[in-house]
Amino acid sequence: MTILSTNERSLVQQIWDFFCSLKLTISLLITLAITSIIGTIIPQFPNIDERYWATISATKRALYEKLGFFDMYHSWWFLALLALFTINLIACSIKRLPHVFKFVSEPATTLSEMQQKIFPSRDFKLASSLEESKDRLAAFLGAEFAKPVITKVDHQYHLFAQKNPWCRLGVYVVHFSIVVIFVGAIIGNLFGYKGFVAIVEGETINAIQARSGKTIPLGFEVRCDQFTVTFYDAPGGGPSGMPKEFKSILTLTENGKEIPDYKHVRLVVNEPLTYKGITFYQSSYGPASDPTAFFFSVTNRSSGASEQIALRPGAQTKLSDGRSASIVDLTDNPGEGLVATLRVTGSGEPQFFRVYKEQPSLDDLRGDRLIFTFTGTDAKMYTGLQVNKDPGVWVVWTGCIMMCLGLCIAFFMSHKRVWIVLSPGHARIFGNASKNQPAFQDEFEALAEKLHNQNI
């Protein structure tokens, strides 16, 4: 029975040592860094272009899907790595924190002979009695460094003062912040979602489709009032076909009533909209239907009067001067945009000419008594929105703030200690710092020089 108990304790100890291992920490960090490259190289849902599937074989696609490479940061094995790393951090902290906490909360107020040989020191003579010198040195340390603790050892006094003792716990603040960030990520994965929705101009939606294909109700309605897109100019003039800005005008409603602060809200790339913890990002756009009518402004050159007309393919429309106009061809050319070829008939031979939507002033050069300007179509656009709900985001931000604080403490603050050992007619000052020894050495020398000049 005793042998079994011993073996069991040995196994538990081996498991504990494994989770406390620094080698495990380094291995996990390297593994996480390498596996994160997968999420950079391989496209992730829901941002996978259809053209990507043509670049890989069906076998590779099936393998990647089984391994979770297309949604790597939510895959079971990546979350398992994060969980193991979290356990490793907690175990390391539990193993080492009590020792560090005791070191900080119960400092060594006296110096051993070994420490007196190791730490930097300066000697000076005492001009007063031991008791009087002790009080003067205590006042000096309190004014120049920190309030000291006085301990009597045999016929000596040890004066101990320290600065920033709790900065030794900075590394554990960093450890805890990583755990908090992981907890926030888990909360987001369990209780949040990411999805997509396409809204046609003028229409309203109240649910979105998650990456899993599940339909999720929003709890409110989103209406797309308008969608517009502008393009960069091509080097030779006219639109280049590359979008400069695509913008949605949205209105949120609840129970059929418009929400006051969310009426006709502008949504563009990098300027998301958030309501009730749900964030909408401008993602894509496209035509929701083919146009059936094309609108033109027709201006009389001599009088300046203008009228709006609608032209439909296969039909003629009367003009103000008695002639008729119709569309005979429509093209959408890169660098030119939408171009309509019009046919104007009346007295004389029919006229054929092109009107450019993106270059409205060109028809003025034709010299006709009527100037045509292409103003638009009745085709509706849809706006594609990425939708994200992450209830753990503030937990993650809290962890990030804690990490910054812990890193500042760990790297830029130092635990500084000073001892003065007094014996009749003689004293020696010692100093030590947890980091940045060269800077502390200068500070220590300056303190020792001031003490020497006090003539205590």
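Source: prediction; values computed, not measured.
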> Looking only at side-chain N and O atoms, does Thr279 offer a donor or acceptor that is under 3.5 Å from a partner on Thr274?
yes
> Please answer whether the main-chain N or O of Gly256 pairs with a side-chain N or O of Thr253 as donor and acceptor at a distance below 3.5 Å.
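No, Thr253 side chain to Gly256 backbone: no donor-acceptor pair under 3.5 Å.
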> Indicate the ring-plane relationship of Tyr64 and Phe70, choosing parallel, tilted or perpendicular according to the 30° and 60° boundaries.
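Judged by the thresholds at 30° and 60°, the geometry between Tyr64 and Phe70 is perpendicular.
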> With the side chain counted from C-beta on, respond yes when Phe227 and Lys247 share a heavy-atom pair under 4.5 Å apart, and no when they do not.
no
> Aromatic ring centroids of Tyr73 and Phe78 under 6.0 Å?
yes
> Sub-3.5 Å donor-acceptor pair from the side chain of Ser248 to the main-chain atoms of Leu250, do we have one?
no
> Could you give me the CA-CA distance, side-chain angles and deciding distance for Ser121 and Gln116, then say whether side-chain hydrogen bond (donor to acceptor under 3.5 Å, both in side chains) is met?
CA-CA 8 Å; Ser121 63; Gln116 293 183 29; over 6 Å; no
> Indicate yes or no: does Arg266 engage Glu245 in a salt bridge with an N to O separation below 4.0 Å.
yes
> Are the side chains of Val222 and Asn206 in touch, meaning some heavy atoms are under 4.5 Å apart?
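Result no, sub-4.5 Å side-chain heavy-atom pair not found.
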> Just wondering, more than 12 heavy atoms not from Asp442 lying within 6.0 Å of its CG?
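It does: Asp442 CG has more than 12 such atoms within range.
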> Spell out, as yes or no, whether a donor-acceptor pair under 3.5 Å connects the side chain of Thr86 to the backbone of Leu82.
yes
> Take the angle between the ring planes of Tyr285 and Phe246 and call it parallel below 30°, perpendicular above 60°, tilted in between.
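Tilted: the ring planes of Tyr285 and Phe246 meet at 30° to 60°.
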> Check whether more than 12 heavy atoms from other residues, nucleotides or ligands sit under 6.0 Å from atom CZ of Phe119, and answer yes or no.
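Counting other residues, nucleotides and ligands, CZ of Phe119 exceeds 12 neighbours.
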> Check the surroundings of atom CH2 in Trp397: do more than 12 heavy atoms from other residues, nucleotides or ligands lie under 6.0 Å from it?
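Result for CH2/Trp397: open.
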> Run through Phe430, Phe145, Phe160 and flag the one making a ring pair (Phe, Tyr, Trp, His ring centres under 6.0 Å) with Trp419.
Phe160
> Look at the side chain of Glu65 and the backbone N and O of Ala62, then say whether any donor-acceptor pair between them is shorter than 3.5 Å.
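Side chain of Glu65 to backbone of Ala62, a donor-acceptor pair under 3.5 Å: no, none is there.
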> Determine yes or no for a side-chain-to-main-chain donor-acceptor pair under 3.5 angstrom, with Gln437 supplying the side chain and Ala433 the backbone.
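A pair under 3.5 Å: yes.
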> Assess whether atom CZ of Phe411 is packed by more than 12 heavy atoms of other residues, nucleotides or ligands within 6.0 Å.
no
> Could you tell me how the ring of His99 sits relative to the ring of Phe103: parallel (under 30°), tilted (30 to 60°) or perpendicular (over 60°)?
tilted
> Quick one: does Phe220's side chain get under 4.5 Å of Ile278's, heavy atoms only?
yes
> Taking the six-membered ring of Phe440 as reference, does the cationic atom of Lys416 (NZ for Lys, CZ for Arg) lie under 6.0 Å from its centre and within 45° of its axis?
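No, Lys416 and Phe440 do not form such a contact.
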> Specify the closest pair of heavy atoms between Cys92 and Cys20, including all atoms of both residues, with the distance to one decimal.
SG-O, 3.3 Å
> With Pro107 as reference, evaluate His415, Gln162, Lys102 under the side chain to side chain contact (heavy atoms under 4.5 Å, CB included) test and give the passing residue.
Gln162
> Does Glu254 pair with Lys276 as a salt bridge, N-O distance under 4.0 Å?
yes
> Is there a donor-acceptor contact under 3.5 Å from the side chain of Asp378 to the main chain of Thr292?
yes
> Under a 3.5 Å distance rule, please check whether Ser414 uses its side chain to pair with a backbone N or O of Lys435 as donor and acceptor.
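Between the backbone of Lys435 and the side chain of Ser414 there is a qualifying donor-acceptor contact (under 3.5 Å).
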> Tell me if a side-chain donor or acceptor on Gln282 pairs with a main-chain N or O of Glu271 at a distance below 3.5 Å.
no
> Can you find a heavy atom in the side chain of Val265 that is under 4.5 Å from one in the side chain of Thr251?
no
> Going by an N to O cut-off under 4.0 Å, is there a salt bridge joining Arg354 and Asp329?
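Here Arg354 does not pair with Asp329 in a salt bridge, since their nearest N and O are not under 4.0 Å apart.
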> Look at Lys380 together with Glu201 and state whether they make a salt bridge at an N to O cut-off of under 4.0 Å.
no
> Can we say Asp225 and Lys263 salt-bridge, meaning some charged N sits less than 4.0 Å from an Asp/Glu carboxylate O?
no
> Could you tell me how the ring of Trp166 sits relative to the ring of Phe101: parallel (under 30°), tilted (30 to 60°) or perpendicular (over 60°)?
tilted
> When the ring centroid of Tyr275 is compared with that of Tyr262, is the distance short of 6.0 Å?
yes
